[in-house]
Peer 1: 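The structure is given below, and queries will be raised subsequently.
Each chain gets a letter, A, B and so on, in the order its sequence line appears, and its residues count up from 1. Reckoned from all heavy atoms, side chains included, excluding hydrogens, waters and symmetry mates.
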Protein chains: 2
Amino acid sequence: MIIGYNPEDKVYLAVDCIIFGFDNEDLKVLLIQRDFEPEQGKWSLMGGFLKQNETLDDAAARVLHRLTGVHDIYLEQLYTFSEVDRDPVARTISTSYYAIINIEKYNEKISKKTNAKWFSLSEVPQLIFDHDDMLDKAIKRLRRRTSINPIGFELLPEKFTMRQLQKLYEAILNKELDKRNFVNKINSMDVLIKLKEKDMSSSTKGSFLYIFNEEQYNAKQDNHFYLKL
Amino acid sequence: MIIGYNPEDKVYLAVDCIIFGFDNEDLKVLLIQRDFEPEQGKWSLMGGFLKQNETLDDAAARVLHRLTGVHDIYLEQLYTFSEVDRDPVARTISTSYYAIINIEKYNEKISKKTNAKWFSLSEVPQLIFDHDDMLDKAIKRLRRRTSINPIGFELLPEKFTMRQLQKLYEAILNKELDKRNFVNKINSMDVLIKLKEKDMSSSTKGSFLYIFNEEQYNAKQDNHFYLKL
DNA sequence: CCAAAAGTGTTGAGAGTACACCCATGC
DNA sequence: GCATGGGTGTACTCTCAACACTTTTGG
């Protein structure tokens with residue numbers, strides 16, 4: 001026995017993932033309907049238990065992959081929830097993670113999977129345990145992050161219009177933005193490349209497509225952007 | 001056995017606390033020298049194991065109290081560290097918390113306790129395990145928080161001078177601030193009460209003392225301050 | 001020719017930043 | 001009378017926010 005080490009008790013450790021997506025209209029979150037007790041039939045975040053030889057980051061990535069088929073997604077740890085009775089079955093402490101993904105890119109895979117469904121933020125049903133709190137924290141964090149540096153490109157197709165990008169920001173921040181101010185601000189960040197190509201699907205005039213200039217972005221990353229909207 | 005619940009493994013759960021203090025000169029952090037193996041003699045954050053019937057928040061408060069005698073301190077969860085080999089003895093996952101306290105107010109209590117010592121941020125020795133990372137994250141968080149709303153009053157005596165407050169911000173942000181701009185900004189927040197009393201210890205002229213106007217502060221809390229320095 | 005979305009600049013207000021001199025007093 | 005830290009205001013710049021009209025083209 002090692003002196004000073006006196007682990008009082010063991011507990012179960014889990015991860016839960018808040019997956020955000022965007023469908024060109026609303027910010028959505030991916031939920032699953034539980035097909036097992038407790039709380040069978042209710043909606044919840046995607047979760048799973050930690051394995052012996054993986055980190056929480058690994059576990060979150062594994063759970064996400066198992067339930068959606070999605071790989072190589074940036075996951076960020078949010079907060080660890082530890083209320084004693086949060087899970088009625090056993091003392092379980094859960095670390096929440098959030099990720100943002102492109103709905104179209106993954107939709108096919110996801111829809112084949114078990115009981116997963118996208119919900120607009122305004123239509124999220126009551127979730128099990130403390131998953132509402134988790135979602136809440138995730139939304140707040142996403143909003144804060146959005147104003148620090150340009151997240152959100154992960155949520156769009158490779159080529160996108162200014163309008164789409166604006167709608168995405170509006171969905172995340174849950175408020176309307178002025179078109180001219182938005183364009184000016186985005187352009188001043190200098191992380192987009194304007195293509196000669198136009199998207200003709202949304203208007204007769206057509207709107208220019210942009211791609212994300214990853215190189216520029218990475219170069220500026222450290223300084224932060226402080227895109228205040 | 002409950003279907004769908006398949007907890008793969010159990011792990012040990014701990015908390016570690018990063019305690020910041022201020023001595024009118026430097027921002028300091030409270031460390032303890034381990035008097036047990038492993039890593040006996042090395043410096044570490046204050047930590048302990050989670051008990052069966054307490055939350056992580058509770059555990060952090062308990063550990064802090066046990067090792068410093070300090071009560072009723074605002075602790076904020078930082079991040080949960082879960083590298084498989086972070087603790088060589090057993091798989092241990094640790095959730096870090098940080099707090100900021102008034103050194104003078106508690107110094108007597110603390111100095112009686114086991115091996116605890118304040119270190120200026122620039123003089124922190126190498127810490128055990130991943131405690132360096134924890135400290136690093138805490139400093140970053142503290143700096144970010146400082147610019148969102150006026151933290152830091154916790155670190156000062158009840159009555160303090162503008163100069164002290166400025167030094168505190170300089171210590172947290174690790175840069176020099178302009179005296180006039182600082183005073184203007186603080187005054188524009190309208191959360192201090194200027195006393196008629198002066199502190200005569202630092203100069204012949206004496207400098208006015210202030211107290212924190214908690215009521216005003218709480219009233220404004222929600223809107224945030226965005227004290228950009 | 002008209003409906004529908006795209007595209008584009010200017011102005012005013014407020015916040016941030018840089019900057020220098022006088023004041024009070026103990027010694 | 002002088003050394004030491006305390007106290008104070010202004011001018012410039014930059015960013016944010018509000019705001020409206022023209023362009024394109026498919027139908």
Side-chain angles (χ1 to χ4, degrees), chain A residues 24-25 143-144 146-150 156 159-170 173-211 220 223-229, chain B residues 24-25 143-144 146-150 156-157 159-171 173-211 220 223-229:
Chain A
N24 287 330
E25 211 40 63
R143 289 195 177 134
R144 213 172 325 133
T146 301
S147 49
I148 290 177
N149 48 28
L156 291 172
K159 296 175 184 179
F160 52 88
T161 66
M162 270 294 175
R163 190 75 193 145
Q164 280 177 291
L165 185 61
Q166 186 179 342
K167 285 216 167 192
L168 169 60
Y169 272 86
E170 290 179 336
L173 300 174
N174 194 30
K175 68 175 176 187
E176 298 201 345
L177 300 172
D178 180 88
K179 189 164 51 155
R180 283 162 292 185
N181 291 342
F182 183 78
V183 169
N184 290 339
K185 233 167 283 187
I186 296 291
N187 282 336
S188 75
M189 296 192 313
D190 199 25
V191 291
L192 295 191
I193 297 167
K194 186 177 190 171
L195 302 177
K196 301 239 182 300
E197 229 175 311
K198 278 188 165 190
D199 169 81
M200 301 306 293
S201 65
S202 65
S203 75
T204 58
K205 188 180 178 181
S207 53
F208 283 105
L209 288 165
Y210 292 78
I211 57 173
K220 294 185 177 185
N223 320 344
H224 293 308
F225 284 78
Y226 286 103
L227 173 69
K228 182 145 177 265
L229 299 166
Chain B
N24 289 328
E25 214 37 66
R143 289 194 177 136
R144 214 173 323 132
T146 301
S147 50
I148 289 180
N149 48 28
L156 290 172
K159 296 176 184 179
F160 51 88
T161 66
M162 271 294 173
R163 191 71 194 150
Q164 279 177 292
L165 185 60
Q166 183 178 343
K167 285 217 167 192
L168 168 59
Y169 272 86
E170 289 179 337
L173 299 174
N174 195 29
K175 70 174 175 188
E176 297 200 347
L177 300 173
D178 181 88
K179 190 165 49 157
R180 283 161 293 185
N181 293 339
F182 183 79
V183 170
N184 290 338
K185 233 168 284 187
I186 295 291
N187 282 335
S188 74
M189 296 192 313
D190 198 26
V191 291
L192 293 191
I193 296 168
K194 187 176 189 170
L195 303 177
K196 300 238 183 302
E197 228 176 312
K198 279 188 165 190
D199 170 81
M200 301 306 293
S201 66
S202 65
S203 75
T204 59
K205 186 179 177 182
S207 53
F208 282 105
L209 287 165
Y210 292 79
I211 58 174
K220 293 185 177 181
N223 320 344
H224 292 309
F225 284 79
Y226 285 105
L227 173 70
K228 184 148 175 264
L229 297 165

Peer 1: Find the distance Leu177(A):CG to dC16(D):C1' and express it as a whole number of Å.
Peer 2: 13 Å
Peer 1: Can you tell me which residue among Asn24(A), Leu156(A), Asp199(A) is in a side chain to side chain contact (heavy atoms under 4.5 Å, CB included) with Thr161(A)?
Peer 2: Asp199(A)
Peer 1: Please check if the number of heavy atoms outside Lys159(A) that lie under 6.0 Å from its NZ is greater than 12.
Peer 2: no
Peer 1: Taking for each residue the nucleotide of DNA chain D bearing the nearest heavy atom, is the 5' side occupied by Met200(A) or by Arg163(B)?
Peer 2: Arg163(B)
Peer 1: Please find the pair of heavy atoms, one from Met162(B) and one from Asn187(B), that lie closest to each other, and give the distance.
Peer 2: CE-OD1, 3.6 Å
Peer 1: What is the distance, rounded to the nearest whole Å, between atom CG of Asn24(A) and atom P of dA5(C)?
Peer 2: 15 Å
Peer 1: Measure from CG on Asn184(B) to C1' on dA11(D) and round the result to the nearest Å.
Peer 2: 13 Å
Peer 1: The side chain of Arg180(B) lies closest to which of these nucleotides: dG7(D), dA6(C), dC19(C)?
Peer 2: dC19(C)
Peer 1: Both Ser203(B) and Asp178(B) contact DNA chain C. Taking the nearest nucleotide for each, which residue is further toward the 5' end?
Peer 2: Asp178(B)
Peer 1: For Phe208(A) and Lys196(A), work out which heavy atoms get closest and say how close.
Peer 2: CE2-O, 3.6 Å
Peer 1: At less than 3.5 Å, do the side-chain atoms of Lys205(B) and the base atoms of dA24(C) form a donor-acceptor pair?
Peer 2: no
Peer 1: Nearest to the side chain of Thr204(B), which nucleotide is it out of dA6(C), dG9(D), dT25(C)?
Peer 2: dT25(C)
Peer 1: Would you mind telling me which residue lines up with the more 5' stretch of DNA chain D, Lys198(A) or Lys179(A), judged by nearest nucleotide?
Peer 2: Lys179(A)
Peer 1: Report the distance from atom CD of Gln164(A) to atom P of dA5(C), rounded to the nearest whole Å.
Peer 2: 14 Å
Peer 1: Hey, does Lys175(A) have a side-chain heavy atom less than 4.5 Å from the side chain of Leu177(A)?
Peer 2: yes
Peer 1: Roughly how many Å is it from CG in Leu192(B) to C1' in dG7(D), rounded to a whole number?
Peer 2: 16 Å
Peer 1: Would you mind telling me which residue lines up with the more 5' stretch of DNA chain C, Asn187(A) or Ser202(A), judged by nearest nucleotide?
Peer 2: Ser202(A)
Peer 1: dG9(D), dA17(D), dG6(D): which one has an atom nearest the side-chain heavy atoms of Lys185(A)?
Peer 2: dA17(D)
Peer 1: What is the distance, to the nearest angstrom, from the CZ atom on Phe182(A) to the P atom on dA6(C)?
Peer 2: 13 Å
Peer 1: How many whole angstroms separate atom CG of Asn181(B) from atom C1' of dG9(D)?
Peer 2: 11 Å
Peer 1: Take atom CG of Asp199(A) and atom P of dG26(D), then tell me their distance rounded to the nearest Å.
Peer 2: 14 Å
